[in-house]
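A quick write-up on the structure given underneath.
All of these numbers come straight from a predicted model, not from anything done at the bench. The figures here come from the full heavy-atom set of this structure, side chains too, leaving out hydrogens, waters and symmetry mates.
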Number of protein chains: 2
Amino acid sequence: MATARTRRSPRRTDALSRERIVEAAVELLDTAGEGGLTFRALTERLATGPGAIYWHVANKDELLDAATDAVVAAALAAECLEPPKPTKRADPTKPTKPAESPDSPQDKIRAIAFGLFDAIEDHPWLPTQLALQLSRSPWGSVTPRIFESVGRQVRALGVPEGHWFTAASALVHYILGAAGQNAANNASARTLAPGVDRAQFLDAASKAWQELDPDDYPFIHAVAAQMREHDDREQFLAGIDVVLTGITALHLPGERGRT
Amino acid sequence: MATARTRRSPRRTDALSRERIVEAAVELLDTAGEGGLTFRALTERLATGPGAIYWHVANKDELLDAATDAVVAAALAAECLEPPKPTKRADPTKPTKPAESPDSPQDKIRAIAFGLFDAIEDHPWLPTQLALQLSRSPWGSVTPRIFESVGRQVRALGVPEGHWFTAASALVHYILGAAGQNAANNASARTLAPGVDRAQFLDAASKAWQELDPDDYPFIHAVAAQMREHDDREQFLAGIDVVLTGITALHLPGERGRT
DNA sequence: ACCTGAACACCGTTCAAGT
DNA sequence: ACCTGAACACCGTTCAAGT
């Protein structure tokens, strides 16, 4: 239409670049959701035509891959510097295993996991795009990145080489699966009722579970209450500990595998 | 164009129905891939107009959800009847823990997992659609189904009620994550070179890993050989055992928790 | 109640043309 | 080398009209 639109960006002075395009794509995904990333929206935001974008990027899939990769790389880089954030409400009734040094491989794995967890919280489109990229090129840029970060700690844990692949896979798969589920919850809570907070959403979801036929879904029925009360990060951490314990029990020679 | 196309289906005699539409959608996804499911392709296959489909189905998302749900439900139903298939090549060097009854909860969990594993192998689009459905409605039809199947066995395992949610979540997340990764591999092997078999694909992928900079990716570099030799199902099973062991060690009161 | 099919708005992508 | 923007093919969805 011919409406004189307030020009969002003043005429572009700096040159276009792949980096700037990817950056704009991430912003669009964050603010407008997965459906909001459009070449038309992108051209408007960058004040160009579609052809300019295609000069720097082969197609939309490549752009999405680049956006995913950028966000994951940033998350993994950040978590290497910061110490792992403690769970919001410290629970003194559950003492963690005491015999771990502050920067044990276990702690670093938790840090990596929470790094991804947080990134997914900031960018709810991440899990879906990860799945899509996986189906396009399974050993593309992102998988190796995550695998490498986790794998190093598996190694540091003392797992013998023959079990590296198994142990790292188990961890990566759990982390991505759990973080994805969580992102879905958050996104859904936002979408269904923008004003509503997480607690109310979990309440509603729990109620929905309780309304399932108890004959067909006895377990879900029984566990609905737990799912209402659960704290995301606590739950996420508990799952990581399950996998870590399994790895330790199955793959570590003695009680303490560090050389 | 006006080419007189050989009409695939003779004039439809039976009435349209939601079931028939979902069935056709699954077939299209299987044969033509995720991009192949189109309302136009669907109308041609069903010999109708788009309006007819919209009478039975609200929109494409709902159709995809229904297709996903149908396939998952079938997989979970099938695995409840059949005994778990043994790994193709039995490995007598690795004795499984002997003290498990033939239909132990552990075995049933493995059966469920392999049921989903096989379903994903037949329908490579499943993981992506599961992720998409998750992001649309996290507690939609599919998640409760899988959660229920796995959860019952967690219960049978003797896990105390307070840990049900954690234990079931860990299993479900691992299963979906690992099966998804695998589906991606298969799909990619098919796409990149239709005539090539899995071994050759893994070979190529492994080589790609070995070509990554060893300074940036020391772990990946070291583990590339393992990934070439790995057997999917064996690997998948090993991961499940890691999670099961972790659950047993962390959440089971004694050594054997069954009452 | 169930189906038809033309029409609409929108999308990814291309390409001849400019600088 | 880098960018412009009109044009193309295709898609999900709608809706007045039929039976």
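Taking 4.0 angstrom as the limit, B/H56 places none of its side-chain polar atoms (N or O) nearer than this to OP1 or OP2 of C/dA1. Between D/dC2 and A/W55, a contact under 4.0 Å exists linking OP1 or OP2 to a side-chain N or O.
Judged as a side-chain contact (heavy atoms from CB on, under 4.5 Å), and not counting sequence neighbours, the contacts of A/T143 are A/L134, A/W139, B/Q181. Every residue two or more places apart in sequence or in another chain that forms a salt bridge (charged side-chain N to carboxylate O under 4.0 Å, His left out) with A/E27 is listed here: A/R45. Taking A/A113 as the reference, A/I175, A/F236, A/I240 meet the side-chain contact (heavy atoms from CB on, under 4.5 Å) condition, with sequence neighbours excluded.
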Please set out all donor-acceptor pairs under 3.5 angstrom arising from side-chain atoms of residues 212-225 of chain A, sequence neighbours excluded.
unit_1: A/D213; atom_1: OD1; unit_2: A/D215; atom_2: N; d: 2.9
unit_1: A/H221; atom_1: ND1; unit_2: A/Q210; atom_2: O; d: 3.2

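Under the 30°/60° scheme for interplanar angles, the aromatic rings of A/F39 and A/Y54 are found to lie parallel.
You'll find the side chain of A/E62 reaches within 4.5 Å of the side chain of A/R18, heavy atoms only.
Taking atom CD of B/E44 as the reference point, atom C1' of C/dT4 lies 16 Å away to the nearest angstrom. Atom CZ of A/R20 and atom C1' of D/dC3 are 14 Å apart (whole Å). Distance, B/L46 CG to C/dT4 P: 10 Å, rounded to whole Å. Rounded to whole Å, the distance from CG on B/L42 to P on D/dC10 is 18 Å.
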Report each atom pair, protein N/O against N/O of nucleotides 12-16 of chain C, whose distance is under 3.5 angstrom.
unit_1: C/dG12; atom_1: OP1; unit_2: A/K60; atom_2: NZ; d: 2.5
unit_1: C/dG12; atom_1: OP2; unit_2: A/F39; atom_2: N; d: 3.0
unit_1: C/dG12; atom_1: N7; unit_2: A/R40; atom_2: NH2; d: 2.8
unit_1: C/dG12; atom_1: O6; unit_2: A/R40; atom_2: NH2; d: 2.6
unit_1: C/dT13; atom_1: OP2; unit_2: A/Y54; atom_2: OH; d: 2.7
unit_1: C/dT13; atom_1: OP2; unit_2: A/K60; atom_2: N; d: 2.9
unit_1: C/dT13; atom_1: O5'; unit_2: A/Y54; atom_2: OH; d: 2.9

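Salt bridge present: A/R152 and A/E148 bring a charged side-chain N and a carboxylate O closer than 4.0 Å.
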Paired and unpaired positions of DNA chain D as dot-bracket, Watson-Crick or G-U wobble under 3.5 Å, | denoting a partner strand: ||.|||||...|||||.||

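Taking CG of A/D65 as the reference point, atom CD of A/Q129 lies at 8.0 Å (rounded to 0.5 Å).
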